[in-house]
A.B. asks: 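Following this message is one structure expressed as structure tokens.
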Amino acid sequence: MGLDQGGCPVDGHQRRHTSSVSAADADAARKDTEPQRTGSIHEGIVPMEGIETDTSGVNSPRADSEDMATQSMSSSGNTTTVSTPVAQSSSLSSSPSETKSRRSELSHAARAERTSTRPSKAATQSAGSRRTNSARANAGSSSVGSDLTIGPPITKATLSDLDVVRIVQNSKLRHDINFDPDLHFRPNVLGDKGKTKQERSQAFWRTLTEQLGMFVDETRRPEFINRYAHSDEWCLPVLLRTIKDIVETLVPKRDRDLMDEAFNVELLMQQFYKGVLDLERLAEWLAGVLKTHCAPMRDDEVNNMVARFRVGSREGNLEQLVMGMRELLSVLEHMKLDVANHQIRCLRPALIQETIHYEQRNFSKKIATRRLDIARSRLWYRRAQRQYAQEPAEGFGDMSVFFRAVARLVRPSRARGEDAILPETFIHDNDRLLRMRSDVLDAVNIDVCMRLYENLVGVAKAAAYFPTDMDNNRSSVSSVNSTGSTDSNGFSHLPFHNSGSRPSSMALSSDGQSPRSSLGAFTPASTPPQMSFVNEREAKMKADNLYSSLVAILQSTSTNMDQAKRWAEAAPPMAVEIFRFAEAPSYMLAMVESKLGEVLSNPHDDLFLDVEAEYHRRLLEDLSNRVREYKGLNGMSLYTAASEKRIPPGSNMPRDFYECLRDGAEIGVSDLAMRLAHVGILHWRVWADLAYLSD
């Protein structure tokens with residue numbers, strides 16, 4: 001479209017270009033850019049200044065409107081003229097010719113006035129120093145004007161990382177895009193950076209409100225003139241320049257010259273000082289420009305912005321005017337995010353296909369210039385060669401040593417050993433691998449709970465089989481083992497059927513208060529015939545229901561806590577659930593709670609290590625099959641097989657690991673194997689010749 005010379009929309013029903021940004025992109029950005037939104041970090045991107053992604057934090061590229069589809073719209077026909085609280089009249093509501101003439105007169109008059117009133121550069125600096133000293137002396141009387149350099153929370157600079165060139169140059173994002181189908185940009189409102197951004201934002205808007213209040217107040221206007229009339233660095237002119245700079249990145253090149261004419265910041269400030277700046281009309285004109293280039297789903301936000309300006313202008317409400325300016329900046333940020341996320345989606349196939357060559361070139365340069373030292377990574381692989389060289393290749397092929405070493409990295413018990421710090425070559429996968437290690441710990445802990453449940457079921461059966469001994473003498477819980485003997489510490493082993501290949505039993509202390517970690521093994525032959533009344537199918541269904549219930553309990557804990565605290569919070573309700581499903585005697589609940597406290601997340605406990613080793617064996621078996629399936633695929637096919645296939649129907653994101661676990665332990669193993677195979681194959685293709693197979 002074109003902009004007329006007077007700064008008004010060309011036509012009340014002008015042609016509208018609808019951004020090629022999809023409704024889904026706009027909706028995602030709207031959800032992810034709420035000021036107080038709590039964000040998820042999908043698989044990890046490094047947040048940048050003010051903006052983050054779901055695994056790295058950059059902003060977006062700008063798209064010219066030539067790349068956008070077209071759709072008709074009708075702009076607002078309202079041209080109500082409302083002045084600032086000081087005066088009436090509006091240049092923006094005039095006809096194009098009258099506006100141009102009026103603007104010329106105002107420009108000449110204002111230039112003459114500014115020329116006659118503005119001191120020389122040296123005098124200005126001297127006056128500035130005097131004003132600064134005066135402000136310091138009177139700091140207690142007012143905070144207004146104490147910081148002329150305070151800037152808007154959103155600027156062209158903070159959004160510059162959203163440019164397509166910056167996206168293409170972001171190595172972390174280019175790597176993460178291989179794994180996250182829903183990778184997108186969002187404002188960074190979390191952590192220390194997010195808190196700092198919020199504080200700066202509040203300070204800016206508060207200062208702007210106070211400065212405008214000084215201008216409106218007749219008694220304080222001389223003070224305002226003294227402080228700000230000869231400076232273009234207070235909040236309002238800085239904000240107007242920022243708005244213009246951002247809008248120019250959102251409109252096609254052909255409209256930028258017209259933007260200079262229609263949104264002349266110097267002229268707007270001259271109108272402001274004379275009391276003839278019509279902010280409502282300016283907002284309506286901007287709304288027409290923004291609706292021409294934004295996604296249709298942004299129309300409501302634009303309309304809300306205009307409504308704020310309308311109420312503020314007509315009622316003389318400074319807070320509403322400032323809220324309108326605040327919402328205007330928010331709309332501009334959302335539009336930049338929309339364009340950036342659209343560019344991410346369009347660039348994804350090319351970026352994925354070029355991943356290997358790009359990363360090899362990038363890391364080769366860093367190694368050559370000594371910006372990256374991979375000595376520890378080479379040592380890690382050499383150590384793995386010595387340990388796994390004799391292991392069968394299975395589906396891993398020539399990557400057998402590497403994948404066995406990578407699978408060891410995600411074992412929770414290795415978190416405090418030599419694998420606690422991941423090799424430098426996993427610089428872009430560090431968060432992903434640590435997340436997998438965390439997921440393995442959750443899965444292993446739940447398996448520990450299930451192992452204790454099996455033991456408790458046996459104890460409950462024994463209690464039913466020996467009711468007199470176990471009900472009347474609870475302080476000395478005892479039963480006979482297959483030979484009817486008692487161990488040297490006075491503990492007897494409870495006979496019950498162990499369903500599964502793993503040894504599984506619980507020895508209870510003589511005081512009946514705490515279960516011991518030394519577990520006895522029992523065979524079906526040692527199980528009394530009377531205890532085989534439980535139907536095997538019903539027992540399996542019951543165990544599956546308990547497993548899902550334990551996952552739900554863990555999932556309900558706060559994600560803001562670290563993993564150890566989450567498990568400490570989840571252990572008591574899990575003990576109750578285990579106890580309830582096992583239908584054990586009531587006095588055993590305290591024993592179950594105590595046992596969980598001893599074993600869960602404890603890499604020094606034999607039961608934990610036993611369950612972890614079994615889980616690792618199952619993971620390696622599934623991982624071998626996945627690697628055999630994936631290793632012949634090219635980049636985009638690998639992404640489709642390993643990432644997109646994890647997305648359930650009707651969603652745009654892979655299932656959460658807890659959702660996989662709720663469908664069963666084996667589904668969780670399969671999900672981890674799929675993720676680990678994807679990371680490993682991509683890593684091997686980049687680093688095999690650079691680090692592992694070279695001298």
Side-chain angles (χ1 to χ4, degrees), residues 7 35 49-51 59 84 86 107 110-111 114 118 121 124-125 127-128 131-132 135 142-160 187 196-216 220-221 223-250 256 259-260 262-275 277-279 282-283 285-286 289-290 305 308-309 312 318-333 335-336:
E49 181 66 24
I51 298 292
N59 291 309
T84 59
V86 177
S107 180
R111 277 199 296 270
R114 298 289 284 270
R118 179 171 295 182
K121 181 177 181 181
T124 301
Q125 293 174 345
R131 285 197 301 271
T132 301
S142 174
S143 63
V144 180
S146 60
D147 186 3
L148 292 177
T149 61
I150 188 171
I154 300 168
T155 66
K156 181 181 178 181
T158 63
L159 298 177
S160 62
T196 300
K197 180 184 176 184
Q198 290 294 325
E199 291 173 351
R200 291 175 57 187
S201 174
Q202 295 294 339
F204 176 82
W205 297 117
R206 183 172 58 251
T207 303
L208 175 60
T209 303
E210 292 173 348
Q211 290 172 344
L212 293 178
M214 287 179 64
F215 179 75
V216 173
R220 301 187 66 192
R221 191 172 304 163
E223 179 186 359
F224 175 88
I225 297 298
N226 182 52
R227 290 188 179 187
Y228 305 116
H230 306 296
S231 171
D232 292 330
E233 298 304 321
W234 61 286
C235 290
L236 183 59
V238 170
L239 177 61
L240 292 176
R241 288 197 298 269
T242 297
I243 291 171
K244 179 182 178 182
D245 289 342
I246 298 176
V247 171
E248 285 181 340
T249 67
L250 294 169
R256 291 177 198 167
M259 273 292 299
D260 289 336
F263 201 91
N264 187 313
V265 175
E266 183 178 357
L267 177 60
L268 293 175
M269 289 308 301
Q270 291 167 8
Q271 294 172 347
F272 171 81
Y273 287 120
K274 290 181 175 294
L277 177 60
D278 187 352
L279 290 175
L282 179 62
W285 172 79
L286 278 172
V289 173
L290 298 182
M305 177 268 294
R308 294 278 193 182
F309 275 102
L318 286 180
E319 291 185 358
Q320 287 296 314
L321 285 173
V322 172
M323 283 300 299
M325 298 176 193
R326 192 169 188 165
E327 292 195 12
L328 173 56
L329 268 192
S330 177
V331 170
L332 294 178
E333 183 182 36
M335 289 177 64
K336 289 286 288 185

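Position 1 is the first residue of the sequence; numbering continues from there.
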A.B. asks: Are the side chains of Ser201 and Arg326 in touch, meaning some heavy atoms are under 4.5 Å apart?
C.D. replies: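 In short, these two side chains touch, coming nearer than 4.5 Å.
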A.B. asks: Please report the C-alpha distance between Leu282 and Phe309 in whole Å, then the side-chain angles of each, then the deciding distance to 0.1 Å, and finally whether the side-chain contact (heavy atoms from CB on, under 4.5 Å) criterion is met.
C.D. replies: CA-CA 9 Å; Leu282 179 62; Phe309 275 102; over 6 Å; no
A.B. asks: Do Gln211 and Leu236 have side chains that approach each other closer than 4.5 Å (heavy atoms only, starting at C-beta)?
C.D. replies: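 Not touching, per the 4.5 Å side-chain cut-off.
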A.B. asks: Does the side-chain contact (heavy atoms from CB on, under 4.5 Å) test come out yes or no for Leu321 and Thr209, once each step is laid out?
C.D. replies: CA-CA 9 Å; Leu321 285 173; Thr209 303; over 6 Å; no
A.B. asks: Are Trp205 and Met325 side-chain neighbours, meaning at least one heavy-atom pair lies under 4.5 Å?
C.D. replies: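 The answer is yes, as the side chains (C-beta and beyond) meet within the 4.5 Å cut-off.
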A.B. asks: Nearest heavy-atom pair of Pro153 and Lys197: which atoms, and what distance?
C.D. replies: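 Looking at all heavy atoms of both residues, the closest pair is O-CE, 4.4 Å.
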A.B. asks: Does a side-chain N-to-carboxylate-O contact under 4.0 Å join Glu327 and Arg308?
C.D. replies: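 Answer for the salt bridge query: yes.
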A.B. asks: Side chains of Arg206 and Glu210: closer than 4.5 Å at any heavy-atom pair?
C.D. replies: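 Yes, at least one pair of side-chain atoms sits under 4.5 Å.
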A.B. asks: Looking at side-chain heavy atoms only, is the closest gap between Ile154 and Ile246 below 4.5 Å?
C.D. replies: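 When only atoms from C-beta onward are counted, Ile246 and Ile154 do touch, with a gap below 4.5 Å.
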A.B. asks: Can you find a pair of side-chain heavy atoms, one from Arg227 and one from Glu223, that are under 4.5 Å apart?
C.D. replies: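 A side-chain contact under 4.5 Å exists here.
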A.B. asks: Rounded to the nearest 0.5 Å, what separates atom CD in Glu266 from atom CG in Leu240?
C.D. replies: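 That separation rounds to 12.5 Å.
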A.B. asks: Any chance you could measure Leu279, atom CG, to Leu277, atom CG, to the nearest 0.5 Å?
C.D. replies: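 One finds 4.5 Å between CG of Leu279 and CG of Leu277.
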A.B. asks: Are Leu268 and Gln271 side-chain neighbours, meaning at least one heavy-atom pair lies under 4.5 Å?
C.D. replies: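 They are in contact (side-chain heavy atoms under 4.5 Å apart), so the answer is yes.
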A.B. asks: Quick one: does Arg221's side chain have a donor or acceptor within less than 3.5 Å of a partner on Phe215's backbone?
C.D. replies: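 Side chain of Arg221 to backbone of Phe215: a pair is present.
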A.B. asks: In terms of side-chain geometry, is the basic nitrogen of Lys336 or Glu333 positioned less than 4.0 Å from the acidic oxygen of its partner?
C.D. replies: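 Looking at Lys336 and Glu333, the cut-off is not met.
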A.B. asks: Give, for atom CG of Leu290 and atom CG of Leu286, the distance between the pair rounded to the nearest 0.5 Å.
C.D. replies: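 If we round to the nearest 0.5 Å, Leu290:CG and Leu286:CG are 6.0 Å apart.
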A.B. asks: Where does the angle between the aromatic ring planes of Trp234 and Phe272 fall among parallel (under 30°), tilted (30 to 60°) and perpendicular (over 60°)?
C.D. replies: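 If you compare the ring of Trp234 with that of Phe272, the planes turn out tilted.
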A.B. asks: Considering the options Thr155, Leu332, Val247, which one meets the side chain to side chain contact (heavy atoms under 4.5 Å, CB included) requirement together with Thr242?
C.D. replies: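 Only match with Thr242 under side chain to side chain contact (heavy atoms under 4.5 Å, CB included): Thr155.
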A.B. asks: Any chance CD of Glu319 has more than 12 other-residue heavy atoms, nucleotides or ligands included, within less than 6.0 Å?
C.D. replies: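 Counting neighbours around CD of Glu319, 12 or fewer heavy atoms of other residues, nucleotides or ligands fall under 6.0 Å, so no.
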A.B. asks: Is the backbone of Ala203 close enough, under 3.5 Å, to the side chain of Thr207 for a donor and an acceptor to pair up by distance?
C.D. replies: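 Yes; judged by distance alone, with no hydrogens or angles, the pair exists.
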A.B. asks: Could you please spell out the steps behind the side-chain contact (heavy atoms from CB on, under 4.5 Å) verdict for Phe224 and Arg220?
C.D. replies: CA-CA 6 Å; Phe224 175 88; Arg220 301 187 66 192; over 6 Å; no
A.B. asks: Do the non-hydrogen side-chain atoms of Val265 and Asp232 ever get within less than 4.5 Å of each other?
C.D. replies: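 Contact flag for Val265/Asp232 side chains = no.
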A.B. asks: Hey, is Glu233 close enough to Arg241 for a salt bridge, meaning N to O under 4.0 Å?
C.D. replies: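 Yes, charged N to carboxylate O under 4.0 Å.
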A.B. asks: Quick one: do Asp260 and Lys244 satisfy side-chain contact (heavy atoms from CB on, under 4.5 Å)? Show the steps, please.
C.D. replies: CA-CA 9 Å; Asp260 289 336; Lys244 179 182 178 182; 3.0 Å; yes
A.B. asks: Which atom pair, heavy atoms only, marks the closest approach of Trp285 to Ala262?
C.D. replies: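 Nearest heavy atoms, Trp285 then Ala262: CZ2-CB, 3.4 Å.
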